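Have a look at the structure below before the remarks.
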Amino acid sequence: MARKIGSRYTVHQVIGRGSAGTVWLGEGPDGPVAVKLLREDLAADQVLVGRFVQERAALTSLDHPRVVGVRDMVVDGSDLALVMELVQGTDLRSRLERDGALAPQTAVSIIADVADGLAAAHAAGIVHRDVKPENVLLDLAAVPGPGGAPRAKLTDFGVARLVDAPRRTRATRIIGTPDYLAPEIIEGLEPRAAVDIYALATVLYELLAGFTPFGGGHTGAVLRRHVTEQVPPVPGLPDGLWRIIAECLAKAPASRLRAAELADRLREQLPALAGLPVLAIPQQGRAPAEEALTPGEAVYAEVDAGPGTHKRRRGPAVPLVPGAAPDSTRDTHTSLRRPSAQELASYAAESRAQRATPGAAHRRDRQALLRRRRVLAVLVAVVLLLAGAAAAWTAFAATAPDAGHPARPAVHSTAPRAP
Ligand SMILES: Nc1ncnc2c1ncn2[C@@H]1O[C@H](COP(=O)(O)OP(=O)(O)OP(=O)(O)O)[C@@H](O)[C@H]1O
């Protein structure tokens with residue numbers, strides 16, 4: 001079903017959906033394009049529309065081979081659309097979901113490309129603010145890079161900023177994807193270029209290890225780890241590459257590399273990484289769905305379960321309320337986090353054993369799940385028993401004034417009576 005967007009574009013078919021809108025395959029005066037049609041509620045936000053128009057020049061002028069070009073921005077009736085260069089390929093999240101992790105040379109080549117794109121943006125004064133695998137497109141039509149790595153392009157430039165800005169003025173909310181949020185954002189500082197470097201190093205870590213350094217469990221725990229915990233090393237990674245990652249994940253933004261420097265340093269590593277296989281790091285404790293949450297944590301779980309979560313292992317950009325998030329009393333969930341360095345080292349041996357007896361790991365997981373469910377059931381039973389006893393005592397005390405207690409007055413509602 002074709003649909004007109006403004007006077008110059010026609011869209012035919014949905015090619016993807018994100019938290020801010022739907023991406024369509026379309027046609028413009030100069031050929032095929034990708035059109036991101038923003039959600040209706042965003043398009044109805046007059047502050048956002050104003051900003052959209054204001055940012056048009058900055059976003060459309062960002063022209064770099066490692067950035068998905070924004071060709072046009074359309075405001076037409078209730079439609080608010082970004083017209084983009086069409087990339088023939090896939091996004092990095094889909095590649096990661098397919099492969100689990102990437103060979104070091106491929107991962108580093110992809111991230112060096114993205115760092116090039118960031119360097120151009122930062123030089124133009126644009127901070128991306130939502131660097132994550134979903135926003136890296138792999139151009140499969142382009143000539144591959146070192147070791148056959150697909151060429152990468154960063155997309156969604158400025159979208160986080162556009163969508164976020166009106167909200168930031170309305171409330172003290174921050175927007176981002178928890179696993180990739182730099183500590184200074186969580187602490188409420190203005191996001192600068194270094195937040196993109198932190199996010200990009202997190203993506204590199206994820207490509208190599210198969211999981212993010214501070215992810216896992218509920219959002220509150222993830223935020224706390226970004227602020228308070230040191231990045232756990234990835235076993236088996238060459239030292240030089242590890243130092244680059246650690247530097248870019250520094251808590252202090254000023255200690256991180258600049259984008260251009262990051263791209264250069266990563267490319268220096270490429271020859272030494274040739275032929276290295278994907279690191280075999282088993283994931284564990286990454287699925288907290290069946291864990292009992294504290295009431296405070298449950299708030300974040302609800303936020304995480306918001307619209308759009310069906311499409312991804314992790315949620316899309318979610319609004320977070322700073323200040324309520326980092327809470328050192330939530331240590332019950334640290335068991336869900338990425339394992340410690342010693343644990344990681346022992347996993348290599350364990351995973352070999354698991355491969356030898358494939359059914360054993362599954363049985364162990366199942367038994368652990370059943371144990372957790374039993375504990376939860378006992379807790380619920382105890383709470384119900386206590387509540388029942390309290391209700392029985394209240395009823396008894398109210399109806400037995402001669403049982404040694406003064407009679408309780410009848411409880412009256414303070415609400416006005418209905419006429
Ligand atoms: N320029 C493009 N060319 C080709 N495909 C694209 C383009 N832009 C986006 N897509 C596809 O559309 C999907 C959705 O993109 P979109 O930017 O809306 O969401 P997202 O980045 O996955 O999530 P979010 O908006 O929550 O950050 C992408 O994953 C990608 O597969």
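Atoms within a ligand are numbered from 1 in the order they appear, just like the ligands themselves. Keep in mind it's a predicted model, so treat the numbers as computed, not measured. Numbers here are sequence positions counted from 1.
- With sequence neighbours excluded, no residue forms a side chain to side chain donor-acceptor pair (under 3.5 Å) with Asn135.
- The shortest separation from a heavy atom of Gln88 to ligand 1 is not under 4.0 Å, leaving the residue out of contact.
- Residues Leu249 and Pro213 share a closest heavy-atom pair of CD1-CG, 4.1 Å.
- For ligand 1, the atoms lying closer than 4.0 Å to a non-hydrogen atom of Met84 are 1 (N), 8 (N).
- The side chain to side chain donor-acceptor pair (under 3.5 Å) test applied to Arg267 returns Asp113, Asp116, not counting sequence neighbours.
- In Glu134, the parts holding a heavy atom less than 4.0 Å from any atom of ligand 1 are both the side chain and the backbone.
- In the model, Glu206 has a side-chain atom that pairs as donor or acceptor with a side-chain atom of Tyr180 under 3.5 Å.
- Nearest to atom 29 (O) of ligand 1 by heavy-atom distance, out of Thr155, Leu86, Asp91, is Asp91.
- The distance from ligand 1 to the heavy atoms of Lys132 drops below 4.0 Å at these ligand atoms: 24 (P), 26 (O), 27 (O).
- Of the heavy atoms in Ala34, only side-chain atoms (C-beta onward) come closer than 4.0 Å to ligand 1.
- Contact record, Arg256 with Cys248: CD-O, 3.2 Å, taken as the closest heavy-atom pair.
- Within the 4.5 Å cutoff, side-chain heavy atoms of Ile244 are placed close to those of Leu257.
- Closest heavy-atom contact between Ile5 and Ala81: CG2-CB, 3.7 Å.
- The part of Glu85 lying near ligand 1 is the backbone, judged by heavy-atom distances below 4.0 Å.
- For ligand 1, the polar-atom distance check finds an N/O of Asp156 within less than 3.5 Å of one of the ligand's N/O atoms.
- Counting heavy atoms closer than 4.0 Å to ligand 1, residue Thr90 contributes nothing at all.
- Looking at ligand 1, you'll find an N or O of Val87 within less than 3.5 Å of one of its N or O atoms.
- Considering all non-hydrogen atoms of both residues, Val234 and Trp242 come closest at N-CZ3, 3.8 Å.
- Near Val68, the atoms of ligand 1 lying under 4.0 angstrom from a non-hydrogen atom of the residue are 1 (N).
- Within ligand 1, the atoms closer than 4.0 Å to a non-hydrogen atom of Gly18 are 18 (O), 19 (O), 23 (O), 24 (P), 25 (O), 26 (O), numbered from 1 in the order shown.
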